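Quick notes on the structure that follows.
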Amino acid sequence: MSAKSTTSSPAQPAKSQRTLFQRIFEPKDIKSLSPARLVMTYSILIFWSFVVLFPLYWLLVTSFKLPIHVSDGPVYLPFIDFEPSSHAWSYIFFDLGNDTFRPYMNSLIIAFASTVLAVLFGSMAAYALTRITYRPKIMSIVAFIVILAAVVVATIAAGIPWQIGLAVGAALFVLFLLNLAKHFKRALGNNDILFWIISQRILPPVVAVLPIYVMFQQVGLLDTHFALIVVYMAVNLPIVVWLMRDFFATIPIDLEESAELDGASRFRIFLTIVMPLAKPGLAATFLLVLILSWNEYLLALFLSTADAQTMPLLVAAQNATRGPQWWYMSVLIMIMILPVIAMTGLLQRFITRGLLIGAVKG
Amino acid sequence: MQVSLRDIRKSFGAIEVVKGLDLDVADGEFLVLLGPSGCGKTTALRMIAGLETASAGRIYLGEQDVTDVLPKYRDIAMVFQSYALYPHMTVEDNIGYPLYLRKVDKTERARAIREVAGKVDLLDYLDRYPRQLSGGQRQRVALARAMIRRPSLFLMDEPLSNLDAKLRGHMRTELKHLQNELGVTTVYVTHDQIEAMTLAHRVAIMKAGELQQLAPPREIYNDPANLFVAGFIGSPPMNFMNGEISSGAFRADGAELTCPGFGDHANVVAGVRAEDLRIVEANAGELQGTTYAIELTGNETLVTCQVGDSLVIVKMDKDYDEKIGTAVGISLTNQQVFFFDAESGVRLRPLDS
């Protein structure tokens, strides 16, 4: 190969000989960005940060405005555009007092309890679906139906209207027929169970909310923490199962087999090997489910009235008879985002860490 | 402890990967399961461990039938090819995990960990995490974890295959020394014939789910039971020539070997190892050919010759050199020639023996 070959790469010019164009558009070395790209990158990042952060700033300043400053059109700079006032804060914290703190506590209790339960049960189900192959036998399906039929009979005996018992029974019977039909074609497998679980989220919640309302009314659980915790847990379980299954699938099966030979039981393997390794997944799932429960509005609207009222309802209530009261809403939203931000900060280090390094590679 | 497999079979769907394996491992023995990938050796090992259930047959540990016993009740320790270290635990916790599960108290556990870590040279690394260790160190952690509770049986699934060549040689020596010192029965799976030859008291060679030969390494090498074993063991591999035996002599294109005592056979493969051959003058010796390639490996020269349709490799000393394409003769230095039936691969032996 000769030095003058026309196909060879041009020589890189010495640093001092670079043209202006090269100085601007070529990086100094392979690992860094050229000045032009640096400017572009930061411009985009700054612009997007502004888009994301400005609403939060707007909330903050609005919470210090008098109604007159809000209705007079947009003003943004405290002390310059308008004189800040703490009237909204004192109204929310002192005038409303317990009417603010009770929903706040309700929200905390309901969101955290339902999230912990959903993540706990959901990851157990997800683990079972990842590692154990299910092949239902005819007799076990029959036993399942018989037991549930007994439950239906018992509910009727307990004084709950027969229509509800019948509806539940009919639904179970259809499910039974479906399973039976499938049993002769091919065995029901883990994927069928998984799809059934995720199918719980196919219908919009508004479809399910009336039956749920009627059921809780019948058993006298309306407007209790328990009702919302159970419903939120049930609604979020499919998401947990779906997400955690993927995380569990990435854990090398060798680790679990090794632990099995070392003498660990299934449950101990789950607790001491699988769960610690799934921390990033658990943290991410926990946060997602927590945010979903924390912000949930529709189900809370139906299932709670006063004692179990949650924060989203309180925020919405500020848009009541006298028109939207933006200043009060801003204060409520400001205090409402605090727990989620705190949790994100706490869990962030788990989410970003690669825990599996060193497990099985040489 | 003694291990016995009685007609063990395993099928995945319609495919039978282990086809009736009978195997007895004596107490304290180091047995190597050797075979190409997909021959069912790992499946056989996993059935002994209890990680797979046998489709048919019985497995005995000592006197006990463990065919349907859970792995945790078998008192077996296993070293995985991937090491399977718990990445969220320190080296100390990794090694001590089997004792932790058995509720051994803390001071006793710490003492046992230090003792076993000393054996594999890990005392300085007890506080580290697996991700902070090199491949060889991880391997030793896995070994220590298997050794700590003195199991009645060690199972090893290609434990050295993730190491580089030099380290592999070193760990092989260590492994053999440790097994000898502990005297624990060991079943070791590998596809590497050097590991098998150097480590094993006896080698079980498998192919397509069937046992081909079970014998000490020397016997496997000197007296292969069939064509597969002969071709699988040895480096460079045994030279094979297709021909026929008639009236006490094997004839092939460019070859004529006397084989007194063998009956006439039309379709024969003759096998001879490279070190049992020497290059001599053209037209002398039992085989006639031309040199095809000459490779110096350091302490010896491998001379490949074209004899008829086959390539025959001859091991010469390191000073040998010759132009490619030269006509040469090849002579047998001793009468180590093996004959096999070309269709079935079965070894042919002299009629009178």
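Proteins come first, then strands; the chains are lettered A, B, ... in the order of their sequence lines, and each starts at number 1. Since this is a predicted model, take the numbers as computed values, not measurements.
Atom CE in B:M78 sits 11.5 Å away from atom CG in A:D262 (nearest 0.5 Å). Atoms CE and OG1, on B:M89 and A:T272 in that order, are 5.0 Å from each other to the nearest 0.5 Å. Rounding to the nearest 0.5 Å gives a distance of 12.0 Å between CG of A:D254 and OH of B:Y83.
By the neighbour-count criterion of 12 heavy atoms within 6.0 Å, atom CZ of B:F12 is densely surrounded, having more than that number from other residues, nucleotides or ligands. Heavy-atom neighbours of B:E63 CD from other residues, nucleotides or ligands within 6.0 Å: at or below the threshold of 12. By the 6.0 Å contact criterion, CZ on B:R58 is enclosed, its count of non-hydrogen atoms from other residues, nucleotides or ligands being greater than 12.
Contacts between residues 175-200 of chain B and chain A, counted as heavy-atom pairs separated by less than 4.5 Å, involve no residue at all. Annotation: residues 94-107 of chain B contacts chain A through B:Y97, B:P98, B:Y100, B:L101, B:R102, B:K103 [non-hydrogen atoms, separation under 4.5 Å].
Looking only at side-chain heavy atoms (C-beta outward), B:R74 and A:L261 stay at 4.5 Å or farther from each other.
Remark: B:R114 engages no residue in a salt bridge (Lys or Arg N to Asp or Glu O under 4.0 Å) (not counting sequence neighbours). The side chain to side chain contact (heavy atoms under 4.5 Å, CB included) test applied to A:I132 returns A:A128, A:Y134, A:R266, not counting sequence neighbours.
The heavy-atom pair separating A:L255 from B:P87 by the smallest distance is CD1-CD, 3.9 Å. Closest approach of A:S258 to B:R145, counting heavy atoms only: OG-NH2, 2.9 Å.
If you measure heavy-atom distances from B:A77 to chain A, you find no contacts under 4.5 Å at all.
Between chain B and the options A:E257, A:E260, A:E256, the largest number of non-hydrogen pairs under 4.5 Å is found for A:E257.
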